[in-house]
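Computed from a predicted structure; not experimentally measured. The first residue of the sequence shown is numbered 1, and numbering continues consecutively from there. Just the heavy atoms: all of them, side chains too, but no hydrogens, waters or symmetry mates, feed the values below.
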Amino acid sequence: MPLHVPPAPAPALRTVLTALGSPTAVREARTPSLRKAQGPVTPELPLPVHVLDRITPGASTTRLAGWRFLIRCGDRAVAAADTMLTPDGWAFSHFFEGPYVTATERALRQAENMKQPYQARLLSVPELYMLTLWLHGDCTADGATGQPAATDLLVPLAPAPPGIAAHRPHRVAELLPVLTHRLTPAPLLSSPA
């Protein structure tokens with residue numbers, strides 16, 4: 001399998017397991033699929049979630065925002081759990097479901113069929129309401145650190161912003177200029193004198 005999933009911090013996994021074991025956390029979650037799950041649910045495929053804070057033509061700046069676990073029941077993911085780093089360490093953030101859960105699962109299956117090995121991460125672009133599967137070329141890298149390399153792949157997850165095809169892999173060097181163009185404000189029209 002050419003897809004490598006970096007190990008999540010043990011405290012992050014523990015917080016998700018604790019939340020899954022808490023009837024209150026699951027009952028109050030806004031995830032009908034998780035509340036209705038028949039059988040055991042398990043957190044799998046931990047992915048570091050990086051946020052792209054600034055996009056410029058020559059560089060980008062990312063930061064680790066947390067770890068996301070797909071919550072599996074039987075043969076499919078029914079929800080996801082996010083964790084976040086606090087001053088006291090890793091903490092459970094929330095459960096959720098929706099299109100990004102199924103899109104992440106689909107993109108991971110797609111990535112498993114690629115010939116080149118990659119390390120799986122998630123990259124969020126909040127300014128465009130966009131989430132991508134980030135396929136990092138260095139499988140031995142620390143999943144919690146680093147910047148997208150020009151040769152890494154980004155797979156926009158559905159729903160993707162208009163004009164960007166979901167589930168189509170793009171090299172970072174190709175997609176970042178498109179994102180930069182989308183975030184560049186249009187020039188103001190001058191008023192007639």
Side-chain angles (χ1 to χ4, degrees), residues 1-52 64-86 88-114 117-126 129-136 139 141-144 153-161 164-169:
M1 174 169 111
L3 189 63
H4 299 270
V5 177
L13 176 58
R14 277 195 301 273
T15 66
V16 172
L17 290 170
T18 299
L20 283 171
S22 164
T24 305
V26 173
R27 187 173 48 251
E28 292 179 3
R30 293 189 175 109
T31 57
S33 295
L34 187 57
R35 286 194 310 267
K36 295 176 188 175
Q38 299 292 322
V41 291
T42 55
E44 296 181 356
L45 297 169
L47 297 172
V49 180
H50 295 262
V51 175
L52 190 59
L64 180 68
W67 284 79
R68 177 166 297 166
F69 297 79
L70 293 181
I71 307 299
R72 186 168 300 282
C73 181
D75 62 348
R76 68 183 188 92
V78 296
D82 274 358
T83 62
M84 61 184 178
L85 190 56
T86 69
D88 295 325
W90 287 99
F92 171 74
S93 176
H94 63 280
F95 292 115
F96 68 94
E97 63 181 69
Y100 283 137
V101 174
T102 54
T104 301
E105 196 171 37
R106 176 182 169 186
L108 287 168
R109 279 194 310 270
Q110 181 182 352
E112 286 176 346
N113 294 322
M114 294 181 173
Y118 288 102
Q119 182 187 79
R121 304 171 175 199
L122 292 172
L123 183 66
S124 172
V125 186
Y129 302 100
M130 180 179 182
L131 184 64
T132 70
L133 177 64
W134 170 12
L135 299 173
H136 189 54
C139 296
D142 178 356
L153 295 179
L154 296 177
V155 182
L157 302 181
I164 297 176
H167 297 288
R168 182 178 170 266

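A donor-acceptor pair is defined here as one N or O able to donate and one able to accept, closer than 3.5 Å; no such pair exists between the side chain of Ser22 and the backbone of Thr18. Between the Thr31 side chain and the Phe96 main chain, no donor and acceptor come within less than 3.5 Å of each other. A distance-only check finds a donor-acceptor pair linking the side chain of Thr86 to the backbone of Asp88 [under 3.5 Å]. No donor-acceptor distance shorter than 3.5 angstrom exists from the side chain of Glu97 to the backbone of Ala80, with no hydrogens or angles considered. Judged by distance alone, with hydrogens and angles left aside, the side-chain atoms of Gln110 form a donor-acceptor pair with the main-chain N or O of His167 at under 3.5 Å.
Counting only heavy atoms from C-beta outward, the side chains of Met130 and Pro156 approach each other to under 4.5 Å. Using a 4.5 Å cut-off on side-chain heavy atoms (C-beta onward), Arg68 and Val101 make no contact. Annotation: side chain of His50 is not in contact with side chain of Leu122 (no heavy-atom distance under 4.5 Å). At a threshold of 4.5 Å between non-hydrogen side-chain atoms, the residues Tyr100 and Pro159 count as touching. With a 4.5 Å cut-off on side-chain heavy atoms, Thr42 and Leu17 do not count as touching. With a 4.5 Å cut-off on side-chain heavy atoms, Pro46 and Val5 count as touching. Two residues are said to be in side-chain contact when any heavy atoms from C-beta on lie closer than 4.5 Å; Pro43 and Leu70 fail this criterion.
Nearest heavy atoms, Cys73 versus Val78: CB-CG1, 3.9 Å. Of all heavy-atom pairs between Gln119 and Ala141, the closest is NE2-O, 2.7 Å. Listed here is the closest heavy atom pair of Leu133 and Ala111: CD2-CB, 4.3 Å. Closest approach of Arg109 and Asn113 over heavy atoms only: O-ND2, 3.3 Å. Summarising the geometry of Trp67 relative to Pro6, their closest heavy-atom pair is CZ3-O, 3.8 Å, with the distance given to 0.1 Å.
Taken from NE2 in His136 to CG in Leu123, the straight-line distance is 12.0 Å, to the nearest 0.5 Å.
Checked against Thr132 for a side-chain contact (heavy atoms from CB on, under 4.5 Å), the options Leu153, Leu157, Leu52, Leu154 give a single hit: Leu154. No option in Leu47, Leu45, Thr83 other than Thr83 meets the side-chain contact (heavy atoms from CB on, under 4.5 Å) test with Phe69.
Checked for salt-bridge contact, Glu105 and Arg72 meet the test: a charged N lies under 4.0 Å from a carboxylate O.
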Fill in: Leu3 vs Met114, side-chain contact (heavy atoms from CB on, under 4.5 Å): CA-CA, chis, key distance, verdict
CA-CA 8 Å; Leu3 189 63; Met114 294 181 173; over 6 Å; no
Worksheet item: side-chain contact (heavy atoms from CB on, under 4.5 Å) between Leu64 and Val51: does it pass, once the steps are laid out?
Response: CA-CA 6 Å; Leu64 180 68; Val51 175; over 6 Å; no
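Ring geometry, Phe95 versus Phe92: the interplanar angle falls from 30° to 60°, so the pair is classed tilted.
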